[in-house]
Amino acid sequence: MAERAQYEELIRQFSAFGAVKREMARLLPSDCPGGAFGVMTLLGRHGDMRMSKLAELLAVDMSVTSRHVAHVADRGWIERLPDPADKRSRILSLTPEGQTQLDDIAEWSTQLLAQRLSDWSDDEVGQLSCLMARLRASFDDCRVPAARPPALSGDEQSTRTPAITIK
């Protein structure tokens with residue numbers, strides 16, 4: 001297990017990585033903010049799905065997902081079709097225009113990363129990608145917040161051992 005200082009540095013790097021994400025989001029087309037791009041990316045990767053599945057994959061609540069979906073649908077990039085299995089539900093589907101928009105942004109993102117990482121070796125880019133995928137896999141069970149346990153009394157707190165310890 002890594003030492004405490006390594007985890008603290010990792011936390012600092014997570015925070016600093018937010019600046020990278022904000023810079024990339026800032027450079028997205030003005031009519032396609034990050035949430036809209038996230039919706040299209042997930043539909044492009046996973047195919048048609050219900051809004052509840054999309055909210056789960058985005059790891060946001062339904063009201064936020066609804067706003068993102070409305071934005072993308074208003075631009076004609078997705079369509080909301082009746083679910084044949086449940087007429088009360090809708091299936092979200094990427095339109096050809098949405099696929100074109102997604103492809104254009106993916107091309108732009110690829111060029112941006114190639115430019116910003118031009119001094120990285122292919123091996124370093126591959127290592128970063130693998131490590132980020134591994135990190136995400138370590139957190140997959142945290143997409144849906146677990147129910148909070150009942151509050152402990154002072155006596156119970158002092159007899160409990162923490163579930164996670166850091167050296």
Side-chain angles (χ1 to χ4, degrees), residues 7 10-148:
Y7 290 115
L10 193 53
I11 291 167
R12 285 189 287 277
Q13 292 302 323
F14 286 159
S15 178
F17 192 75
V20 173
K21 287 181 62 177
R22 285 188 298 277
E23 175 71 5
M24 289 190 74
R26 187 180 66 77
L27 296 172
L28 285 171
S30 60
D31 62 341
C32 189
F37 180 62
V39 166
M40 293 191 305
T41 298
L42 289 171
L43 289 172
R45 182 178 307 140
H46 298 283
D48 301 352
M49 68 183 75
R50 286 184 174 184
M51 181 116 53
S52 57
K53 179 65 175 175
L54 181 62
E56 178 186 331
L57 292 172
L58 288 169
V60 297
D61 68 37
M62 286 293 283
S63 65
V64 173
T65 303
S66 293
R67 283 193 302 274
H68 293 321
V69 165
H71 179 89
V72 177
D74 288 347
R75 280 149 185 77
W77 297 334
I78 66 167
E79 54 188 352
R80 296 176 264 202
L81 305 169
D83 183 346
D86 180 358
K87 299 295 183 197
R88 298 167 296 166
S89 295
R90 298 277 180 234
I91 298 291
L92 305 175
S93 179
L94 201 57
T95 64
E97 295 83 6
Q99 185 63 57
T100 298
Q101 178 75 356
L102 182 59
D103 292 343
D104 290 347
I105 293 172
E107 178 62 28
W108 165 85
S109 299
T110 300
Q111 289 176 8
L112 175 66
L113 286 171
Q115 176 188 29
R116 298 289 171 97
L117 303 181
S118 63
D119 60 338
W120 290 42
S121 71
D122 289 350
D123 188 49
E124 289 170 324
V125 173
Q127 286 176 8
L128 177 62
S129 183
C130 286
L131 289 171
M132 290 177 78
R134 184 175 172 192
L135 177 65
R136 287 191 59 228
S138 295
F139 281 84
D140 271 351
D141 291 337
C142 295
R143 287 180 184 239
V144 179
R148 288 183 163 227

Output, in order, the C-alpha distance, side-chain angles, deciding distance and verdict of side-chain contact (heavy atoms from CB on, under 4.5 Å) for L102 and W77. CA-CA 9 Å; L102 182 59; W77 297 334; over 6 Å; no

Donor-acceptor pair, S129 side chain versus V125 backbone, under 3.5 Å? no

If you apply the rule side-chain contact (heavy atoms from CB on, under 4.5 Å), what do you find for W120 with L113, and how did you get there? CA-CA 10 Å; W120 290 42; L113 286 171; over 6 Å; no

Which distance, rounded to the nearest 0.5 Å, do you find between the CG of L43 and the CD1 of I91? 10.5 Å

Mind running side-chain contact (heavy atoms from CB on, under 4.5 Å) on S89 and M51 for me, showing each step along the way? CA-CA 8 Å; S89 295; M51 181 116 53; over 6 Å; no

In Å, rounded to the nearest 0.5 Å, how long is the span from CD of E56 to CG of L42? 11.0 Å

Between S52 and M62, what is the shortest heavy-atom contact and its length? CA-SD, 3.9 Å

Please determine whether side chain to side chain donor-acceptor pair (under 3.5 Å) holds for the pair D61 and S63, giving the CA-CA distance in whole Å, both sets of side-chain angles, and the decisive distance to 0.1 Å. CA-CA 6 Å; D61 68 37; S63 65; 2.6 Å; yes

Side chain of S138, backbone of R134: donor and acceptor closer than 3.5 Å? yes

Give a yes or no on whether the backbone of S121 and the side-chain of E124 come within a donor-acceptor separation of less than 3.5 Å. yes

Closest contact, heavy atoms only, Q101 versus P29: NE2-CG, 4.2 Å

OG1 of T95 to CE of M40: how many Å apart, nearest 0.5 Å? 9.0 Å

Are R50 and L92 close enough, and set up right, to give a side-chain contact (heavy atoms from CB on, under 4.5 Å), and what steps lead you there? CA-CA 6 Å; R50 286 184 174 184; L92 305 175; over 6 Å; no

Measuring from atom OG1 of T100 to atom CD1 of I105, what distance do you get when rounded to the nearest 0.5 angstrom? 11.0 Å

At their closest point, which heavy atom of F17 faces which heavy atom of M132, and how far apart are they? CZ-CE, 4.0 Å

Begin with the C-alpha distance, continue with both residues' side-chain angles, and end with the deciding distance and a verdict on side chain to side chain donor-acceptor pair (under 3.5 Å) for Q115 and Q111. CA-CA 6 Å; Q115 176 188 29; Q111 289 176 8; over 6 Å; no

Please report the shortest heavy-atom distance between R80 and A73, naming the atom on each side. NH2-CB, 3.3 Å

Drop me the distance from Q127's CD to L131's CG, to the nearest 0.5 angstrom. 7.0 Å

Spacing of D48 atom CG and S93 atom OG [to the nearest 0.5 Å]: 3.5 Å

Minimum heavy-atom separation for R75 and D31, please, with both atom names. NE-O, 3.3 Å

Output, in order, the C-alpha distance, side-chain angles, deciding distance and verdict of salt bridge (Lys or Arg N to Asp or Glu O under 4.0 Å) for D83 and R90. CA-CA 5 Å; D83 183 346; R90 298 277 180 234; over 6 Å; no

Taking every heavy atom of H71 against every heavy atom of P33, the minimum-distance pair comes out as NE2-CD, 3.3 Å

